[in-house]
Amino acid sequence: MALLPILRYPDQRLAKKAAPVPVVDEKIRKLVADMAETMYEAPGIGLAATQVDVHLQVIVIDASEEKNGLHVLINPCIEKSEGTCEGEEGCLSVPGVYEKVRRAERVTVRFLDLQGQEQVIEAEGLLAVCIQHEVDHLNGKLFVQYLSQLKQSRIKAKLAKKARITA
Ligand code: K1U
Ligand code: ZN
């Protein structure tokens with residue numbers, strides 16, 4: 001397995017739209033293993049392939065307390081969204097920034113598993129929020145885009161300053 005570098009906002013590669021995975025093969029299973037290792041090490045509760053500069057529809061999520069509940073979603077499609085909720089979100093591509101975002105409370109998502117079999121899950125709470133956040137990544141959208149232009153400019157300036165200090 002390998003740790004993968006995570007792209008940081010405002011890198012334009014984060015705005016690319018991911019393509020569907022044509023076949024779930026060993027190459028995809030290796031990508032998933034590397035993404036899971038990268039997510040756990042960060043640490044984070046989710047990671048989309050877009051964030052590691054791979055523009056395929058692959059997501060890993062583990063929103064469990066014990067870190068023993070890995071979900072792998074290939075070619076995910078949110079078929080149903082119900083209710084609304086508002087909670088603080090973070091993003092491994094926007095380090096150190098946590099902001100409130102409004103999302104659907106429950107989602108039904110269809111996807112392929114690591115064997116290429118179609119699966120459906122109904123999710124709520126943090127898992128549902130994380131699925132929406134990661135599917136947004138695959139569509140080239142970041143959680144900061146739900147915020148005002150002023151907040152987005154402040155976040156860009158903060159990250160640019162941090163990058164200058166650490167360079
Ligand atoms: O996609 C990502 O950048 C991962 C992101 C997922 C996410 C977090 C919160 C709400 C929605 C989606 C993160 O994992 S940010 C880090 C984080 O939330 C966390 C880190 C350590 C322990 C617990 C949570
Ligand atoms: Zn993110």
Side-chain angles (χ1 to χ4, degrees), residues 1-19 21 28 31-78 80-109 111 121-148 151-156 158-160 162-163 166:
M1 288 200 289
L3 288 177
L4 307 170
I6 298 175
L7 298 176
R8 289 203 172 179
Y9 177 72
D11 192 311
Q12 278 311 298
R13 288 171 289 181
L14 288 166
K16 284 193 191 180
K17 215 169 150 58
V21 171
I28 294 296
L31 170 66
V32 166
D34 290 347
M35 284 175 59
E37 189 185 8
T38 303
M39 173 188 72
Y40 286 122
E41 200 271 340
I45 59 170
L47 190 69
T50 306
Q51 293 176 277
V52 294
D53 203 17
V54 175
H55 301 281
L56 290 171
Q57 293 177 10
V58 178
I59 286 170
V60 294
I61 295 177
D62 189 346
S64 69
E65 288 276 318
E66 306 78 15
K67 296 291 148 221
N68 59 0
L70 181 66
H71 293 271
V72 177
L73 280 66
I74 298 165
N75 299 348
C77 174
I78 295 176
K80 196 164 143 191
S81 303
E82 291 173 292
T84 53
C85 63
E86 198 177 51
E88 282 221 327
E89 293 191 19
C91 181
L92 297 175
S93 296
V94 193
V97 175
Y98 290 85
E99 293 284 348
K100 274 193 176 166
V101 177
R102 184 164 298 143
R103 301 276 190 188
E105 207 173 7
R106 289 175 301 282
V107 294
T108 303
V109 59
F111 59 96
I121 56 172
E122 287 172 25
E124 60 181 7
L126 185 57
L127 179 58
V129 168
C130 200
I131 289 170
Q132 293 168 79
H133 178 112
E134 303 308 335
V135 168
D136 271 355
H137 272 304
L138 299 182
N139 289 318
K141 185 164 184 176
L142 290 165
F143 84 112
V144 293
Q145 291 172 261
Y146 291 100
L147 309 176
S148 68
K151 273 197 176 173
Q152 289 185 45
S153 304
R154 284 184 178 156
I155 290 165
K156 266 188 207 160
K158 180 179 162 181
L159 293 184
K162 209 157 106 184
T166 52

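Every number for a ligand or one of its atoms is a count from 1 in the order of the listing.
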Hey, could you give me the CD/CG distance between Gln51 and Leu14, rounded to the nearest 0.5 Å? 7.0 Å
What about Ser93: any of its N or O atoms under 3.5 Å from an N or O on ligand 1? no
With the side chain counted from C-beta on, respond yes when Tyr40 and Asp62 share a heavy-atom pair under 4.5 Å apart, and no when they do not. yes
Can you check which of Gly87, Ala48, Pro43 brings a heavy atom nearest to atom 21 (C) of ligand 1? Pro43
How far is atom 23 (C) of ligand 1 from its nearest protein heavy atom, and which residue and atom name does that atom have? Ile45 CG2, 4.0 Å
Test: Lys141 cationic atom under 6.0 Å from Tyr146 six-membered ring centre, within 45° of axis: yes
Close approach of Gln132 to ligand 1, heavy atoms, under 4.0 angstrom: no
Looking at Gly44, which atoms of ligand 1 are within less than 4.0 Å of one of its heavy atoms? 14 (O)
Could you tell me, atom by atom, which parts of ligand 1 come under 4.0 Å of a heavy atom of His137? 1 (O), 3 (O)
of all protein heavy atoms, closest to atom 6 (C) of ligand 1 is Glu134 OE2, 3.5 Å
What is the name of the N/O/S atom in His133 that sits closest to the Zn ion (ligand 2)? NE2
Atom 10 (C) of ligand 1: which protein heavy atom is closest, and how many Å away? Glu89 CG, 3.6 Å
Counting heavy atoms under 4.0 Å, the part of Gln51 that contacts ligand 1 is side chain
Pick one: which of Leu31, Val32, Thr38 meets side-chain contact (heavy atoms from CB on, under 4.5 Å) with Met35? Leu31
Only one of Thr50, Asn139, Leu138 clears side-chain contact (heavy atoms from CB on, under 4.5 Å) with Lys17; which? Asn139
For atom 4 (C) of ligand 1, the closest protein heavy atom turns out to be Gly46 O, 3.1 Å
Side chains of Val129 and Glu86, heavy atoms from C-beta outward: is any pair under 4.5 Å? no
Can you pull out the closest protein heavy atom to atom 3 (O) of ligand 1? Residue, atom name and distance to 0.1 Å, please. Leu92 N, 2.7 Å
Is His71 close to Cys130 at the side-chain level, that is, under 4.5 Å between some pair of heavy atoms? no
When you measure from the side chain of Ser93 to the backbone N and O of Tyr9, does any donor-acceptor pair fall under 3.5 Å? no
So which heavy atom on Phe111 is nearest to which on Pro76, and how close? CB-CA, 3.9 Å
Among all protein heavy atoms, pick out the one at the shortest distance from atom 5 (C) of ligand 1; state its residue, atom name and that distance to 0.1 Å. Gly90 O, 3.7 Å
